[in-house]
Engineer: 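This is the structure I have questions about; it appears just below.
Just so it is clear, the structure is predicted and the values come from calculations on it, not from any experiment. Numbers here are sequence positions counted from 1.
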Amino acid sequence: SEGLQITAVIEEAPADKEESKLYPGEIITAVNTLPIEEGINFYSFLNGKVNEQILLEIKSLADTIREVVIRPKSSLSTEKYEEWINQRKA
């Protein structure tokens, strides 16, 4: 099937915000109306788009299609580190 399945969402990252929430298991089917097809590098859609709004088409876990506007960050290193710390506190 076409698209890119979301395997995890980092806490406090753009995909974890209420207005742009993504969930593990959902599938990103298009970026800015361009379909994600086999063999296409998903990250090529994000090049040069730091802090710009990107429209994602998402196939939800319930098989419905929704659109999410997300604003990518240049780095998630702080969020990844904080998530790593929080996992070790448990």
Side-chain angles (χ1 to χ4, degrees):
S1 86
E2 294 181 355
L4 183 69
Q5 186 169 30
I6 299 165
T7 57
V9 176
I10 298 170
E11 286 183 34
E12 301 301 319
D16 190 42
K17 305 287 186 219
E18 185 176 336
E19 65 276 3
S20 57
K21 184 79 171 162
L22 302 177
Y23 299 93
E26 291 185 317
I27 298 173
I28 302 170
T29 58
V31 177
N32 288 336
T33 70
L34 299 172
I36 297 176
E37 298 171 342
E38 191 173 334
I40 291 180
N41 180 352
F42 171 74
Y43 297 102
S44 67
F45 290 112
L46 305 179
N47 281 343
K49 303 291 187 197
V50 173
N51 290 323
E52 289 183 25
Q53 289 186 340
I54 292 179
L55 178 66
L56 301 179
E57 183 176 279
I58 305 294
K59 183 177 180 183
S60 75
L61 298 173
D63 271 347
T64 58
I65 301 294
R66 65 189 174 97
E67 292 184 338
V68 174
V69 175
I70 196 162
R71 195 180 294 263
K73 293 178 68 174
S74 61
S75 171
L76 293 174
S77 58
T78 301
E79 290 85 352
K80 285 180 180 177
Y81 178 71
E82 288 174 0
E83 183 177 60
W84 182 83
I85 294 290
N86 290 335
Q87 288 173 349
R88 275 130 191 90
K89 287 180 182 177

Engineer: Examine distances only and state if a side-chain atom of Q5 and a backbone atom of G25 form a donor-acceptor pair shorter than 3.5 Å.
Structural biologist: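 Yes, Q5 side chain to G25 backbone: donor-acceptor pair under 3.5 Å.
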Engineer: Do L34 and L55 belong to the same hydrophobic cluster, where Ile, Leu, Val, Met, Phe, Trp and Tyr are linked whenever their side-chain heavy atoms lie under 4.5 Å apart, directly or via other members?
Structural biologist: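 No; tracing contacts between hydrophobic side chains, which count when under 4.5 Å, never links both residues.
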Engineer: If hydrophobic clusters are built by linking Ile, Leu, Val, Met, Phe, Trp and Tyr wherever their side-chain heavy atoms come under 4.5 Å apart, do I65 and I58 end up in the same one?
Structural biologist: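 Shared cluster, no.
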Engineer: If you compare all heavy atoms of I36 against all heavy atoms of E2, which two are closest, and at what distance to 0.1 Å?
Structural biologist: O-CB, 3.5 Å
Engineer: For atom CD of E37, is the number of surrounding heavy atoms from other residues, nucleotides or ligands below 6.0 Å larger than 12?
Structural biologist: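 For E37, atom CD is crowded (more than 12 foreign heavy atoms under 6.0 Å).
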Engineer: Are any non-hydrogen side-chain atoms of K21 and D16 less than 4.5 angstrom apart?
Structural biologist: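 They are in side-chain contact.
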Engineer: Does a side-chain heavy-atom distance below 4.5 Å link I27 with I6?
Structural biologist: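 Result no, sub-4.5 Å side-chain heavy-atom pair not found.
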Engineer: What's the separation between atom CD1 in I28 and atom CD1 in I54, rounded to the nearest 0.5 Å?
Structural biologist: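 If we round to the nearest 0.5 Å, I28:CD1 and I54:CD1 are 10.0 Å apart.
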Engineer: With the side chain counted from C-beta on, respond yes when L22 and L56 share a heavy-atom pair under 4.5 Å apart, and no when they do not.
Structural biologist: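 Of all side-chain heavy-atom pairs linking L56 with L22, at least one is under 4.5 Å.
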Engineer: Please name the pair of heavy atoms, one in P24 and one in V9, separated by the smallest distance, quoted to 0.1 Å.
Structural biologist: CD-CG2, 4.1 Å
Engineer: According to the side-chain hydrogen bond (donor to acceptor under 3.5 Å, both in side chains) rule, which pairs have a member within residues 23-34, sequence neighbours left out?
Structural biologist: E26-R66, T29-E57
Engineer: Got V69 and S20 here, is their nearest side-chain heavy-atom distance under 4.5 Å?
Structural biologist: no
